[in-house]
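Report on the structure given below.
In what follows, every chain begins at residue 1, and chains take the letters A, B, ... in the order their sequences are listed. Keep in mind that this is a model prediction, so the values were computed, not measured. Below, all heavy atoms of this structure are taken into account, side chains as well, without hydrogens, waters or symmetry copies.
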Amino acid sequence: MNAAPSKTDARARILAAIRAVPAGSVAGYGHIARRAGLPARARLVARVLRDHGDPDLPWHRIVRSDGRIAFPDGSAGFREQAQRLRAEGVTVTRGRVRMPAGDTLDAALWGPDGHD
DNA sequence: ATTTTGACGACCC
DNA sequence: TGGGTCGCCAAAA
């Protein structure tokens with residue numbers, strides 16, 4: 001029934017999906033978008049992350065689909081994200097983290113159908 | 001209304 | 001792994 005989710009709702013879903021990422025783990029932008037019911041809206045996720053305004057939001061757990069940090073190498077955001085991830089036990093090598101292998105593990109972590 | 005931009009992604013080589 | 005192309009979408013210019 002939700003054929004036309006308003007932008008506000010979409011944003012709320014995205015934020016929820018981001019908060020659903022467990023500490024010590026990472027997720028891609030497209031991954032979050034899909035999880036929020038918004039396929040092909042990875043860029044929207046980026047936009048939300050840029051604006052969010054919630055200090056508790058685990059934005060640092062969101063990386064590119066290839067595992068690379070989305071900030072320019074060497075930038076403040078880049079370093080901060082790497083630092084935060086390491087603080088959670090995530091290994092960051094050359095600004096890159098190891099992405100979860102298959103969706104199977106992903107489903108196990110988040111729920112096979114819908115669990116937010 | 002048209003073009004550019006951006007914390008992106010899938011493909012290809 | 002790494003570099004380049006093309007597609008996608010919303011906000012800004």
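- Atom CZ in Arg96(A) sits roughly 16 Å away from atom C1' in dA7(B) (whole-Å rounding).
- Here the straight-line distance linking atom CD1 of Ile18(A) with atom CG of Leu57(A) works out to 5.0 Å at 0.5 Å rounding.
- Nucleotide dG9(B) holds its C1' atom 15 Å from the CD1 atom of Ile62(A), rounded to whole Å.
- Side chain of Arg79(A) to backbone of Gly74(A): a donor-acceptor contact under 3.5 angstrom is found.
- The separation between Asp51(A) atom CG and dG6(B) atom C1' is 12 Å, rounded to whole Å.
- Rounded to whole Å, atom P of dG9(B) lies 14 Å from atom CD1 of Ile69(A).
- Between the NZ atom of Lys7(A) and the P atom of dA12(C) there is a distance of 10 Å, rounded to whole Å.
- A donor N or O paired with an acceptor N or O is not found under 3.5 Å between the base of dC8(B) and the side-chain atoms of Arg64(A).
- In this structure, Ile32(A) atom CD1 and dG9(B) atom C1' are separated by 14 Å, rounded to whole Å.
- Residue Arg50(A) is classed as a base contact, given a heavy-atom separation below 4.0 Å to a base.
- Annotation for Glu88(A): atom CD counts as buried by contact number, over 12 foreign heavy atoms lying within 6.0 Å.
- Counting non-hydrogen atoms under 4.0 angstrom, Arg47(A) reaches the backbone sugars and phosphates but no base.
- Side-chain atoms of Arg43(A) come within donor-acceptor range of the base of dC8(B), with a qualifying N/O pair under 3.5 Å.
- Note on Arg94(A): only backbone sugar-phosphate atoms sit closer than 4.0 angstrom, heavy atoms only; bases stay farther off.
- No engagement by Arg11(A) is indicated, since no non-hydrogen atom pair under 4.0 Å with the nucleic acid exists.
- Comparing atom distances between the Ala42(A) side chain and each of dC8(B), dC9(C), dA7(B) picks out dC8(B) as nearest.
- Between Asp51(A) and Arg11(A) no salt bridge is recorded (no basic side-chain N to carboxylate O distance below 4.0 Å).
- When each of dA11(C), dA7(B), dC9(C) is scored by its nearest atom to the side-chain atoms of Arg41(A), the top-ranked nucleotide is dC9(C).
- Across the protein-nucleic acid pair, Leu38(A) atom CG and dC8(B) atom C1' stand 14 Å apart, rounded to whole Å.
- The local environment of CZ in Arg98(A) is sparse, with at most 12 non-hydrogen atoms from other residues, nucleotides or ligands closer than 6.0 Å.
- Between the C1' atom of dA10(B) and the CE atom of Met99(A) lies a distance of 14 Å, rounded to the nearest Å.
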